S.K.: 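Have a look at this one before I ask anything.
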Number of protein chains: 2
Amino acid sequence: MISDTRALAGDLALAVVRLTRHLRGRRTDSRVSLTQMSAMATLSQEGAMTPGALAARERVQPPSMTRVIASLHDLGLVERTPHPTDGRQIIVTLSESGAELLADEAQAREAWLTERLEKLDPDSLATLQRAVGILSTLVSENS
Amino acid sequence: MISDTRALAGDLALAVVRLTRHLRGRRTDSRVSLTQMSAMATLSQEGAMTPGALAARERVQPPSMTRVIASLHDLGLVERTPHPTDGRQIIVTLSESGAELLADEAQAREAWLTERLEKLDPDSLATLQRAVGILSTLVSENS
DNA sequence: TATTGTTATACTCTATAACTATA
DNA sequence: TATAGTTATAGAGTATAACAATA
């Protein structure tokens, strides 16, 4: 059944890159991008943290996260408070409207993808659900 | 088992976006990007075609494909020949060295991902393999 | 001196709008 | 006039290098 892990890696890479291209392009109706959603989802699931910690958790470099946080802050979706003891650090928190948006989008977001998923049979959906769990562990492994 | 298709859509979107971020960032050792690989893979699988057809097949806009083709042409990985009867069109073909590179990379590419996949149990690999097929059909559906 | 975060800068990927050449 | 492709331009997302503030 499993012929070649390397071939699977290549196929998987192309599949996720192509799907991401669709997802990014089709989100123009939403107020936030997938990158912003991803950061907000992490803040929601793991609680407030410093920009450095969020960058590490999202596996991007600190300057990249600075930009994401700045854009979310401009939209009022996150708050930045000083660290209580270390003046170098700041704490990024999901704001009330950020939490609301996250909840709203969890209902309405990815309409294109949801529509297609609804046409799949239960077995395919179960497979995708397991795959999401596997992919998440792949990415969250230490480098 | 399948609780909510919309929730799955959100989880799947975040998972593929994060994995794509890794894959793009880690390919600096390769001569070509994932976008370029994707276009070359399509040319390899479906044969020579016009830029417009390749853009449609890859689900990007024509100007985006123009740039991808130009970069591949600069690298000598594709060839551009005039259309036999319609002077407006051109035919894009995978060059010999393009085909070679595709074959070589099929062995060595995605080392990071391959390494992680090799640590998975056979059941997880089978799940991913099925998931790749499902994701591919999702993206290739008509808009 | 080491750490945290930011600024400056640049590159890739993608899009839309406008243009050119051909049909 | 319509179509195929390109050029011009812009914006998002990411990176590295250099800087400032604090520990």
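On a predicted model such as this, the values are computed, not experimentally measured, just so you know.
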S.K.: Between B:S64 and C:dA15, is there a side-chain N or O to OP1/OP2 distance below 4.0 Å?
M.R.: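 For B:S64, the contact criterion (side-chain N or O under 4.0 Å from OP1 or OP2 of C:dA15) is met.
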S.K.: Between atom CD1 in A:I91 and atom P in C:dT4, what is the gap in whole Å?
M.R.: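 So the CD1-P distance, A:I91 to C:dT4, works out to 12 Å.
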S.K.: Between C:dG5, D:dT14, D:dA21, which one does the side chain of A:T35 approach most closely?
M.R.: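 Of the candidates, D:dT14 comes closest.
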S.K.: Could you state the atom-to-atom distance from NE2 of A:H83 to C1' of C:dT3 in whole Å?
M.R.: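 These atoms are roughly 13 Å apart.
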S.K.: Between A:D86 and B:P51, which has a closest nucleotide on DNA chain D that is more 5'?
M.R.: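 Mapping each residue to its closest nucleotide by heavy atoms, the 5'-most match is B:P51.
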S.K.: Report yes if a side-chain nitrogen or oxygen of A:S71 is closer than 4.0 Å to either non-bridging phosphate oxygen (OP1 or OP2) of D:dA12; otherwise report no.
M.R.: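 So the side-chain polar atoms of A:S71 never come under 4.0 Å of the phosphate oxygens OP1 or OP2 of D:dA12.
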S.K.: To the closest 0.5 Å, what do you measure between OG1 (B:T5) and CG (B:L12)?
M.R.: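 B:T5 OG1 to B:L12 CG: 11.5 Å, rounded to 0.5 Å.
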S.K.: Indicate whether any N or O donor in one side chain lies under 3.5 Å from an N or O acceptor in the other, for B:D74 and B:S71.
M.R.: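 No, because no side-chain N or O of B:D74 sits under 3.5 Å from a partner of the opposite role on B:S71.
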S.K.: When the nearest nucleotide of DNA chain C is assigned to A:R21 and to B:G87 on a heavy-atom basis, which residue is associated with the more 5' position?
M.R.: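 In this pair, the answer is A:R21.
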S.K.: Starting the side chain at C-beta, find the nucleotide from D:dG13, D:dG5, C:dT6 nearest to A:R67.
M.R.: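 Per side-chain heavy atoms of A:R67, the pick is D:dG13.
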S.K.: Can you tell me which nucleotide in C:dT16, D:dG13, C:dT6 comes closest to the side chain of A:R24?
M.R.: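 Looking only at heavy atoms from C-beta outward on A:R24, the closest nucleotide is D:dG13.
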S.K.: How close or far is atom C1' of D:dA12 from atom CD of A:Q36, stated in whole angstroms?
M.R.: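 In whole Å, D:dA12 C1' lies 9 Å from A:Q36 CD.
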S.K.: Could you pick out which residue, A:P62 or A:V17, lies toward the 5' side of DNA chain C when each is mapped onto its nearest nucleotide?
M.R.: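 Mapping each residue to its closest nucleotide by heavy atoms, the 5'-most match is A:P62.
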S.K.: From CD of B:Q89 over to P of C:dT20, roughly how many Å is that when rounded to an integer?
M.R.: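 The answer, rounded to whole Å, is 21 Å.
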S.K.: Give the rounded distance in Å between these two atoms: CZ of B:R88 and P of D:dT6.
M.R.: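 Distance, rounded to whole Å: 13 Å.
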